Amino acid sequence: MSNKQSQLVKRIALIIQYSGNRFHGWQRQPYHRTVQEDIENTIAKSLGYKVSIHGAGRTDAGVHATAQVAHFDYVGPIPPKRLAKVINRYLPEDILIRNSEEVSTNWHARFSAQWRRYRYTLYTNKNSNLFVKSFSWHYYRYPLKIKLMVDALTSLLGTHHLTAFRKEGSQRTHSWVEIQDIECYRKGAFVHVEIQANGFLYGMVRLLIGMLVEVGIGKLSLANFNQIWRNQGRKHVRHSAPANGLCLLGVGYPEVSFSSNLYLDTQPLFETNQIICED
């Protein structure tokens, strides 16, 4: 790149949606299809040169996103706001760029973020449903008591050492997480759990949901739940919830020009008229 071109470099932020069912996660890796690789290859095809995109977080295999945020550096005549439409022409059907914006050259999708928010969805009707199976955990064997689940989640608010909810293989140097907001609520046959934090450990939400379900069915007491995570009892957290129930809802920044209706909580909130009793 010439000196003249380097002066024209623009940093572009993308708001990205993807259905994670056919991806081996966000991060590029050999021999597997990933979201990052598909987007980088598509941008290269669209713009005529290779780029590296940097995401706000690394979702696992099978996990969805309605508002993943990423950035790349761009040189060219296309207005930043039009780049989303240009890239979308060549993207596969399970990825969509919702928006593209120019940001400052020192802005970073990952390091500038102040929070990430995930939603986990459980479908509790005993009859399976084709139209929700790709985006929820079909859990119906025992009734879930929402009050117990809420009490367990409330204890996690604040900054804590959450090694108990960290899978092996993480490159993060510590397990401190600031849990900023938590919700757990029922919509007909669906139970939704939303968690917002400054960052997430590898596999954290799925391990937490697996243990939370044990609390909800009365298999694990609230006291034992608190004892396990406070004592960093990773060996006692045995079950990881299925990936397809998890969705990245959004990423928060101190200063951002994105319209909120483009990138905050655009996953349809599943709801039915079916009444599920909490016995």
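A quick note: this is a predicted structure, and the numbers were derived from the prediction, not measured.
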Results of salt bridge (Lys or Arg N to Asp or Glu O under 4.0 Å) for R110 - residues two or more places apart only: none
Distance-only donor-acceptor check, side chains N244 and S134, under 3.5 Å: no
Mutual orientation of the aromatic rings belonging to W176 and H161 [parallel < 30°, tilted 30-60°, perpendicular > 60°]: tilted
Residues I179, I195; criterion side chain to side chain contact (heavy atoms under 4.5 Å, CB included); working and verdict: CA-CA 7 Å; I179 304 292; I195 304 173; 4.2 Å; yes
Presence of salt bridge, R28 and D38, under 4.0 angstrom: no
Student check: side-chain heavy atoms of K133 and H138 closer than 4.5 Å: no
Geometric class of the H64/F135 ring pair [parallel <30°, tilted 30-60°, perpendicular >60°]: tilted
Pairwise side-chain contact, S136 with L122, heavy-atom cut-off 4.5 Å (strictly under): no
With Y31 via ring-ring contact (aromatic ring centres under 6.0 Å, His included) - residues at least two apart: none
Within-4.5 Å side-chain heavy-atom neighbours: I39 and W26: yes
Parallel, tilted or perpendicular: ring planes of F190 versus H192, cut at 30 and 60 degrees: parallel
Verdict with reasoning, R238 to E214, per salt bridge (charged side-chain N to carboxylate O under 4.0 Å, His left out): CA-CA 11 Å; R238 300 184 178 90; E214 293 187 343; over 6 Å; no
Non-hydrogen side-chain atoms of R22 and R33 separated by less than 4.5 Å: yes
T154 and D151 side chains, donor-acceptor separation under 3.5 Å: no
Pairwise distance CG(L246) to CZ(R119) - rounded to 0.5 angstrom: 11.0 Å
SB check R117 E183 (cutoff 4.0 Å): yes
Check: Y185/E194 side-chain N/O donor and acceptor closer than 3.5 Å: yes
Reported CG-to-CG distance for the pair L156 and L208, which is rounded to 0.5 angstrom: 6.0 Å
Distance, nearest 0.5 Å, that separates OG1 of T124 from OH of Y139: 10.5 Å
Heavy-atom check, side chain of T59 versus side chain of Y118, under 4.5 Å: yes
Test item: side-chain donor near acceptor, Y140 and S128, under 3.5 Å: no
Distance (rounded to the nearest 0.5 Å) between S104 OG and K10 NZ: 14.0 Å
Check: Q196/Q180 side-chain N/O donor and acceptor closer than 3.5 Å: yes
Spacing of OG1 belonging to T121 relative to OH belonging to Y123, to within rounding of 0.5 Å: 13.0 Å
Heavy-atom check, side chain of L248 versus side chain of V63, under 4.5 Å: no
Ring geometry between H71 and H108 (parallel below 30°, tilted from 30 to 60°, perpendicular above 60°): perpendicular
Step-by-step side chain to side chain donor-acceptor pair (under 3.5 Å) determination, R166 to S175: CA-CA 8 Å; R166 177 177 178 169; S175 296; 2.7 Å; yes
Distance, nearest 0.5 Å, that separates OG1 of T163 from NE2 of H174: 10.5 Å
Beyond-backbone contact of Y90 with I43, side-chain heavy atoms, under 4.5 angstrom: no
Pairwise side-chain contact, V205 with F200, heavy-atom cut-off 4.5 Å (strictly under): yes
Listed partners of K81 passing salt bridge (Lys or Arg N to Asp or Glu O under 4.0 Å), at least two apart: E101
W107 ring center within less than 6.0 Å of Y253 ring center: yes
